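So the structure is just underneath, and the comments pick up after that.
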Amino acid sequence: MFKIKKKNDYIIINDNFKYLYNFLKKNNFYNIIILLDNNTKKFCLNYIINNLSILKKSKIIEIKNGENHKNIYTCIKIWEKFIKYKIDKNSLLINLGGGVITDLGGLIGCLFKRGIKFINIPTTLLGMIDASIGGKNAINFNNFKNEIGIIKNPVITLIDLFFLKSLPKKEIFSGLGELLKYGLIFNKNFWNIVKNINFKKKIFWVKIIYKAILIKKKIVDQDPEEIFGIRKILNFGHTIGHAIESLFLYKKKYISHGEAISLGMICESWISKKINNLSNKEYKEICNVILKFYKIKKIKKKYYNKIINFIENDKKNYNKKIYFSLLSKIGKCTYNKEVKKKLILISIDKMNKLYK
Ligand SMILES: NC(=O)c1ccc[n+]([C@@H]2O[C@H](COP(=O)([O-])OP(=O)(O)OC[C@H]3O[C@@H](n4cnc5c(N)ncnc54)[C@H](O)[C@@H]3O)[C@@H](O)[C@H]2O)c1
Ligand SMILES: [Zn+2]
């Protein structure tokens, strides 16, 4: 069992629900709502209820799975149910799911009656190491990713590795993208651990997850509201990665978040080589590792304008200039680096050429 504490919020890893049990006993909530999607209802709900019978009386709100539902229309439907269930300030919202549920549920909890308490129980690898850590909650708007959001931590983030058992392989690979990113931006040792993950052998996820959370928290705690800048390094791979994700949303096709940002990391590593002193040797190493885990998805030239259009809306931009977080070497990332549109498009050309 691991416990990471910061002010009033806790991240608990594999404690057999003891901490949550005590928390629920102590607080005596008027209502408990469990927000989940069709998959987490099927694979995760029974497990938490069997472990915590106190949750048997919870109200269940189910949404359809997938990024397409992380929007304002879903929020409205859920808030309508909150009103029907007479949810008051002394109610608790439990977000049981991947990043879509914790991002959406966090926002819903923060805004309802100016905020009710919420807990995250992430059920995907990406949720455990990233989406449920750091307090960012958001929904997509008009095809733009995470356009409307708020920064607030849940009272507890409860991580239980049981949930990884039912998780499809492609979702494990999605989380892997963020793990690779942590190594690249902050910790070369961690990069060496993650790049050598071998899916044919036993993987000690609990240690990897614990280390990943410590890295994310170390970065976020220096700049919780993204005011000073350092938090921006977490966006490495995401400027182009989010544009790729948005393009897939626009085309109504599926790409996992981790896969999109891994492709983004290939493009942004090439830009890092061009303007931020990343060595060619390290650039090649990054491409080889990412290609070991993911296949390139070619971006057709007819979509280049769309990609730029999405990037122009990136949250790191200001004064109409596009800013990136770029690597200077493996384990070190700098931010607020202006990049011209032409260079972005060449980086996508370079990524397309790696297609086999
Ligand atoms: N807030 C943040 O800091 C942050 C960071 C990274 C990503 N995100 C957001 O997270 C989202 C992606 O999260 P995700 O990859 O977890 O996606 P997701 O929530 O869509 O989950 C992926 C799929 O796995 C299913 N699933 C979840 N848990 C399962 C389980 N235990 N067994 C079987 N199936 C299960 C879901 O139903 C879904 O179909 C994106 O919207 C991204 O923007 C947020
Ligand atoms: Zn991400």
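Not measured: the values here are computed from a predicted model. Both ligands and their constituent atoms are indexed starting at 1 by order of listing.
Of all atoms in ligand 1, numbered sequentially from 1 with element shown, those under 4.0 Å from a heavy atom of Thr40 are 27 (C), 28 (N). Shown in contact with Asp37 at under 4.0 Å from a heavy atom are these atoms of ligand 1, numbered in order with element: 36 (C), 37 (O). Atoms of ligand 1 lying under 4.0 Å from at least one heavy atom of Lys145, given by number and element, are 40 (C), 41 (O), 42 (C), 43 (O). Near Lys70, meaning under 4.0 Å from one of its heavy atoms, ligand 1 places the atoms 9 (C), 40 (C), 41 (O), 42 (C), 43 (O). The ligand atoms of ligand 1 that sit less than 4.0 angstrom from a heavy atom of Lys216 are 3 (O). Ligand-side atoms of ligand 1 in range of Gly98: 16 (O), 19 (O), range being under 4.0 angstrom from any heavy atom. Proximity to Asn65 (heavy-atom distance under 4.0 Å) selects the following atoms of ligand 1: 37 (O), 39 (O).
Residues Lys181 and Glu268 are not paired through a salt bridge, judged by the lack of any N-O separation under 4.0 Å between the basic side chain and the carboxylate. Between Lys113 and Asp88 no salt bridge is recorded (no basic side-chain N to carboxylate O distance below 4.0 Å). With salt bridges taken as basic N to acidic carboxylate O contacts below 4.0 Å, one links Glu285 and Lys195. Salt-bridge annotation for Lys297 and Glu259: present, with a side-chain N of the basic residue lying under 4.0 Å from a carboxylate O of the acidic one. In this structure, Lys145 pairs ionically with Glu245, as a charged nitrogen and a carboxylate oxygen lie closer than 4.0 Å.
Using modelled atom types and a 3.5 Å distance limit, the side chains of Lys70 and Asn146 yield a donor-acceptor pair. Remark: the Asn38 side chain and the Lys64 side chain contain no N/O donor-acceptor pair separated by less than 3.5 Å. Between the side chains of Tyr47 and Asp160, at least one donor-acceptor pair of N or O atoms lies under 3.5 Å. Side-chain N/O atoms of Asn336 and Lys232 include a donor and acceptor closer than 3.5 Å. For the residue pair Asp349 / Tyr304, a side-chain donor-acceptor distance below 3.5 Å is found, with atom types taken as modelled.
When hydrogens are left out, the protein atom nearest atom 12 (C) of ligand 1 is Leu126 CD2, 3.7 Å; that is the closest non-hydrogen contact. Annotation: atom 25 (C) of ligand 1 to nearest protein heavy atom, Asn39 ND2, 3.8 Å. Scanning all protein heavy atoms for the shortest distance to atom 4 (C) of ligand 1 gives Ala131 CA, 3.3 Å. Here the protein heavy atom with the shortest distance to atom 21 (O) of ligand 1 is Thr124 CG2, 3.6 Å. Here the heavy atom of the protein found nearest to atom 26 (N) of ligand 1 is Leu167 CD1, 4.0 Å. Scanning all protein heavy atoms for the shortest distance to atom 24 (O) of ligand 1 gives Glu171 CG, 3.8 Å. Shortest contact from atom 17 (O) of ligand 1 to any protein heavy atom: Gly99 N, 4.0 Å. Shortest contact from atom 30 (C) of ligand 1 to any protein heavy atom: Ser166 OG, 3.5 Å.
Checked against a 3.5 angstrom limit, the closest N/O atoms of Asn137 and ligand 1 fall outside it. Looking at Val100 next to ligand 1, an N or O pair under 3.5 Å apart turns up. For Phe163, a nitrogen or oxygen atom sits less than 3.5 Å from a nitrogen or oxygen atom of ligand 1, counting backbone and side chain alike. Residue-to-ligand polar distances keep His242 apart from ligand 1: every N/O pair is separated by 3.5 Å or more.
Ile185 contributes atom CD1, which lies 4.0 Å from atom CD1 of Ile233 (distance to the nearest 0.5 angstrom).
Contact annotation: for Asn38 versus ligand 1, there are no heavy atoms closer than 4.0 Å. Neither the backbone nor the side chain of Ser132 comes within 4.0 Å of ligand 1, counting heavy atoms alone. With a 4.0 Å cut-off on non-hydrogen atoms, Thr123 touches ligand 1 through its backbone as well as its side chain. Residue contacts with ligand 1 for Lys136 involve both N, CA, C or O and side-chain atoms from C-beta outward (heavy atoms, distance under 4.0 Å). Here Asn146 has side-chain heavy atoms under 4.0 Å from ligand 1, and that is the only part of it that gets that close. Contacts of Lys181 with ligand 1, taken as heavy-atom pairs under 4.0 Å, are absent altogether. Using a 4.0 Å cut-off between heavy atoms, Glu67 contacts ligand 1 through its side chain alone, with no backbone atom that close.
Judged by a 6.0 Å distance limit and a 45° cone about the ring axis, Lys306 is not positioned over the six-membered ring of Tyr303. For the pair Lys202 and Phe204, the distance from NZ or CZ to the six-membered ring centre is under 6.0 Å and the angle to the ring normal is within 45 degrees. Both tests pass for Lys170 against the ring of Tyr254: distance under 6.0 Å to the centre and angle within 45° of the axis. Judged by the 6.0 Å and 45° rule, Lys337 forms no cation-pi pair with Phe324.
A side-chain hydrogen bond (donor to acceptor under 3.5 Å, both in side chains) with Asn120 is found for one member of Asn95, Asn137, Thr102, Asn153 and no other, namely Asn95.
Proximity of Gly97 to ligand 1 is not established, as no heavy-atom distance is less than 4.0 Å. Heavy-atom distances between Lys170 and ligand 1 stay at or above 4.0 Å for every pair.
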Ile255 vs Leu249, test: side chain to side chain contact (heavy atoms under 4.5 Å, CB included). Steps then yes/no. CA-CA 8 Å; Ile255 188 165; Leu249 261 181; over 6 Å; no
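Counting just the N/O/S atoms of Glu178, the one with the shortest distance to the Zn ion (ligand 2) is named OE2.
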